[in-house]
Asker: 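Input: one structure, supplied below.
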Amino acid sequence: MRNNDGHEAHELLLEVKDLKKYFVVGRDFFGRPEKFLKAVDGVSFKIAKGKTLGIVGESGCGKSTMGRSLLRLYDGVQGEMWFKGQDINKLSNREFDKIRPSLQMIFQDPYASLSPRLTVGEIIGESARQHGLVDKAHFHEYVLHIMDMCGLQPHYFERYPHEFSGGQRQRICIARALALKPELVVCDEPVSALDVSIQAQVINMLIDLRQSLGLTYVFISHDLSVVKHISDDVGVMYLGNLVEYGSKEDIFRETLHPYTKALFSAVPVPNPHVKMNRIMLKGDIPSPVNPPKGCKFHTRCDHCMDICREIAPEYREVKPGHFCACHLYNSEEDTKRLIAKDEEEKRLAEEKRLADAQKPLNKFKATVVDKPVGKVKEVVGDTYNKIKEKVKSVVDKKSKDEHKTEPEQKDNGGQE
Amino acid sequence: MADKKHYISRSESRAIAKENSRAIRHFEKLKKRKCKPEEYTTVMQDDHNIVEFDDLHTYFFSDAGTVKAVNGVSFSIPEGSTVGVVGESGCGKSVTSLSLMQLVQAPSGQIVSGSIRFKASLFKRDARGRKIPVYETVTDADGKEQFKLDAKGRKIIKKNELGGNVYEMEDRVVDIAKMPVDAMRSIRGREIAMIFQEPMTSLNPVFTIGNQLDEVGLLHIQGISKAQVKAHSIDMLKLVGIADPEGVYKKYPHELSGGMRQRVMIAIALLCNPKLIIADEPTTALDVTIQAQILDLLREIKGKINGSIMLITHDLGVVAEMADYVVVMYAGKVIEMGTAEDIFDRPLHPYTIGLQKSKPTVNEDVEKLYCIPGFVPNPIDMPNYCYFRDRCEKCIEKCAGEYPGYIQVTPTHKVACYLYENAKEDGDAK
């Protein structure tokens with residue numbers, strides 16, 4: 001994440017390598033997945049203990065999916081997630097249950113994420129009891145302690161969620177996450193459903209708790225100003241990829257990627273005298289089911305070059321600790337290398353295609369074979385090949401006999 | 001909070017229901033009455049304004065008691081300007097705009113008192129209530145104007161550029177708060193148009209975009225044919241920056257993205273060249289990059305149609321960018337109003353100051369965000385002193401008294417706070 005100076009003191013808590021989560025959106029006739037929505041398509045980052053990583057991006061860019069994948073809330077997540085020396089993606093569910101308390105989440109909508117049938121005390125304490133963090137005798141005391149930490153009054157214990165306003169509910173959600181004494185908390189848009197003045201209360205509380213409990217946050221938000229306020233490192237996502245990643249200062253002062261620049265310039269500033277030099281993005285975010293070829297951002301980019309339309313940029317360290325995926329920061333050698341790599345890939349793909357064409361037909365693929373005279377016969381995969389070989393052998397044999405007579409074959413399906 | 005009971009007894013509930021049904025019956029009767037236009041005609045206080053809210057009260061008669069959603073709001077929208085209304089959710093900013101459209105959720109929601117004066121241009125009607133058409137004229141050899149006649153000797157009605165009949169219009173100031181429902185129909189959608197908050201839910205999913213656009217045109221543009229309305233709708237879609245208007249015309253709302261739907265909503269609003277566009281949180285459901293596009297479009301269009309915009313939002317950044325005048329609302333009352341410079345450079349009311357400080361900005365760094373302590377008071381039983389007193393850090397002895405009146409600090413800047421009672425005199429002295 002960082003170069004060696006100064007920041008190595010922080011212990012690494014989570015390292016994510018090439019995280020991928022594809023959703024199946026289309027299946028073929030036999031029920032095999034055919035079409036994918038690449039919600040997260042190869043994301044890598046590291047978080048040090050006690051730091052906050054802010055993830056920003058438009059809706060549909062995969063930031064929430066990424067957050068949920070970190071907690072293994074989805075099946076079929078590819079990639080490595082090293083949490084305290086263990087790849088949690090490889091653990092079995094039972095093994096992961098032991099780690100689960102230290103990874104918690106705060107959800108976006110405080111109105112939908114609290115059970116209306118449980119009291120506040122039960123909501124907060126339920127998971128702690130489940131994981132055996134507290135015994136029956138100390139349950140009440142434990143929950144009250146957590147509630148006190150999150151600014152909830154003790155008499156709320158017996159109340160139900162519908163009796164509270166949005167800000168209070170979000171406090172309950174935070175208390176529920178903290179009741180398990182987590183180390184990493186994924187906050188998925190925790191303040192976007194709240195009013196401005198309540199937002200400030202919740203953000204301040206999150207920052208205070210981070211200091212007092214030594215928490216690490218992954219803070220997902222579409223609100224750049226909030227992310228800037230709370231984060232140490234910031235990652236910008238676009239269509240399932242991190243396009244820029246670095247420390248907060250790097251990202252906000254020396255913005256590299258054109259998308260990040262446009263995103264920052266689009267934020268309205270509460271000052272009527274500031275006339276922003278706005279970069280207007282054209283159009284909408286493309287569909288992640290069918291992302292554009294080459295750089296995914298090239299359809300909306302002002303600096304789009306020829307190479308952008310063809311070759312996807314590399315995600316690499318442009319400056320120390322500052323990652324970016326854009327061809328604008330390629331050196332000449334980089335460009336040459338990428339083009340060579342792309343050509344090589346294309347060549348391999350072409351070879352593969354040709355090789356595939358040579359191969360015997362796929363088992364399940366039906367084909368129609370023309371017979372020179374008479375009817376058209378449909379033959380299925382393997383059977384066809386067998387017949388073909390048989391016919392061939394017979395024909396060869398006959399041709400050795402100098403074409404004396406036409407072979408009397410029952411199934412003359414193939415024709416050379 | 002603990003000692004305050006949070007339930008309603010059965011007898012209380014019965015009393016509330018009785019009172020509500022009485023009040024609702026009274027107001028519904030008023031709305032459905034037949035009356036002459038003179039009854040709701042008034043005069044503007046300032047002729048440069050297009051809308052004047054004057055001490056507007058809109059209440060909701062709910063089962064838990066009367067919610068005073070809008071509790072004495074007065075401000076005005078000058079012609080050709082953008083007025084931003086800011087406030088937190090539940091402060092009554094949306095209800096104010098819905099009152100202007102007469103779209104408050106009836107029967108529980110009712111405009112109780114006050115007036116909304118609007119400068120409308122209505123059809124001139126003859127004694128029998130019919131519209132008076134304008135006829136084509138020709139100047140004959142003597143220089144006299146004469147009606148043009150068709151083959152059968154009938155007068156020809158003048159057509160506008162869209163092909164609709166032209167009728168005689170008259171400018172009249174109406175009081176929307178006192179207007180009966182059927183009279184309001186000629187204003188709503190034609191003179192005042194509204195862009196709703198959620199483009200996802202405010203378009204009808206079972207009709208095509210074209211269908212929904214045409215409906216407005218056929219209703220409000222007189223004598224227009226279906227083909228003409230279609231051409232006009234497609235023009236409007238082009239105006240709001242939709243790349244393939246003919247294609248979108250045939251599509252259903254679910255086939256479009258959020259930004260596109262919001263553009264369609266704007267196209268519907270613009271179809272009849274309204275004088276006033278109410279934009280109720282037009283960008284809240286959209287991403288920042290799309291938000292920038294939509295705001296840019298609104299600004300551009302305002303210049304083209306030369307109308308006014310009432311922009312309702314909770315985002316101070318959007319207001320700073322768009323608005324000429326800003327109205328800050330809190331718990332159903334306007335607490336501060338002035339030009340955008342007044343509000344953002346010299347905010348006076350403690351709530352406005354707190355609101356600005358509590359929002360982190362991209363350009364500045366702050367150690368800790370300021371947060372306004374406490375909560376908005378319960379709208380059912382509001383205190384009789386300043387509503388912000390319990391959350392205010394600057395409150396003085398006088399604040400325990402009744403709700404403060406407006407203090408005109410500068411000619412454009414008004415605030416409802418006792419802290420500035422002496423400020424006006426200071427300003428005069430200077």
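Residue numbers start from 1 in every chain, and the chains themselves are labelled A, B, ... in the order their sequence lines are given, proteins ahead of strands. All figures in this text were calculated on a predicted structure; none of them were measured in a lab.
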Asker: Against A:Asp195, only a single residue in B:Cys91, B:Ser89, B:Ser358 fulfils side chain to side chain contact (heavy atoms under 4.5 Å, CB included); can you say which?
Answerer: B:Ser89
Asker: How far apart are the C-alpha atoms of B:Lys368 and A:Asn204, what are their side-chain angles, what is the distance that settles it, and do they pass the side chain to side chain contact (heavy atoms under 4.5 Å, CB included) test?
Answerer: CA-CA 7 Å; B:Lys368 196 171 165 72; A:Asn204 280 344; 3.7 Å; yes
Asker: Just wondering, are more than 12 heavy atoms of other shown residues or ligands nearer than 6.0 Å to CG in B:Asp63?
Answerer: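 It does not: B:Asp63 CG has 12 such atoms or fewer within range.
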Asker: Working to the nearest 0.5 Å, report the span between NE2 of A:His222 and CD of B:Gln291.
Answerer: 8.5 Å
Asker: Taking all non-hydrogen atoms of both residues into account, name the closest pair between A:Val269 and B:Glu321 and its distance.
Answerer: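 Smallest interatomic distance, heavy atoms only, reads N-OE1, 4.4 Å.
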Asker: Can a donor-acceptor pair be found, under 3.5 Å and without considering hydrogens, that links the side chain of A:Gln201 to the backbone of B:Ile372?
Answerer: yes
Asker: Could you tell me which of B:Leu316, B:Thr289, B:Val288 has the largest number of non-hydrogen atom pairs under 4.5 Å with chain A?
Answerer: B:Thr289
Asker: Which residues pass the side-chain contact (heavy atoms from CB on, under 4.5 Å) test with A:Pro272, sequence neighbours left out?
Answerer: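 side-chain contact (heavy atoms from CB on, under 4.5 Å) list for A:Pro272, sorted by chain: B:Ala320, B:Ala340, B:Glu341, B:Phe344.
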Asker: Heavy-atom distances under 4.5 Å only: say whether B:Arg263 touches chain A with side chain, backbone, both or neither.
Answerer: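 When you check distances to chain A, no heavy atom of B:Arg263 falls under 4.5 Å.
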Asker: What distance separates A:Ile203 CD1 from B:Lys359 NZ, expressed to the nearest 0.5 Å?
Answerer: 7.0 Å
Asker: For atom NZ of A:Lys38, is the number of surrounding heavy atoms from other residues, nucleotides or ligands below 6.0 Å larger than 12?
Answerer: no
Asker: Would you mind checking which part of B:Tyr351 comes under 4.5 Å of any heavy atom in chain A, side chain (CB onward), backbone (N, CA, C, O), both or neither?
Answerer: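 It is neither, since no heavy atom gets under 4.5 Å.
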Asker: Side chain from CB out, backbone as N, CA, C, O: work out which of these in B:Val318 comes under 4.5 Å of a heavy atom of chain A, or both, or neither.
Answerer: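 For B:Val318, heavy atoms of backbone and side chain both lie under 4.5 Å from chain A.
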Asker: Under 4.5 Å, counting heavy-atom pairs only, tell me which of A:Met280, A:His229, A:Gln168 racks up the most with chain B.
Answerer: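 Of the options given, most contacts go to A:His229.
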Asker: Please give me the minimum heavy-atom distance between A:Asn271 and B:Asp345, naming the atom from each residue.
Answerer: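 Answer, listing the atom of A:Asn271 first, then B:Asp345: OD1-OD1, 4.4 Å.
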Asker: Under a 4.5 Å heavy-atom cut-off, does chain B meet the side chain of A:Leu281, its backbone, both or neither?
Answerer: both
Asker: Relative to chain A, which segment of B:Glu88 carries a heavy atom at a distance below 4.5 Å: side chain, backbone, both, or neither?
Answerer: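 The answer is both parts of B:Glu88.
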Asker: Kindly compute the distance separating CG (B:Leu369) from CE (A:Met205), expressed to the nearest 0.5 Å.
Answerer: 13.5 Å
Asker: Could you report the tightest heavy-atom contact between B:Ala292 and A:Ala266, atom names first, then the distance?
Answerer: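 What the structure gives for the nearest pair is CB-CB, 4.0 Å.
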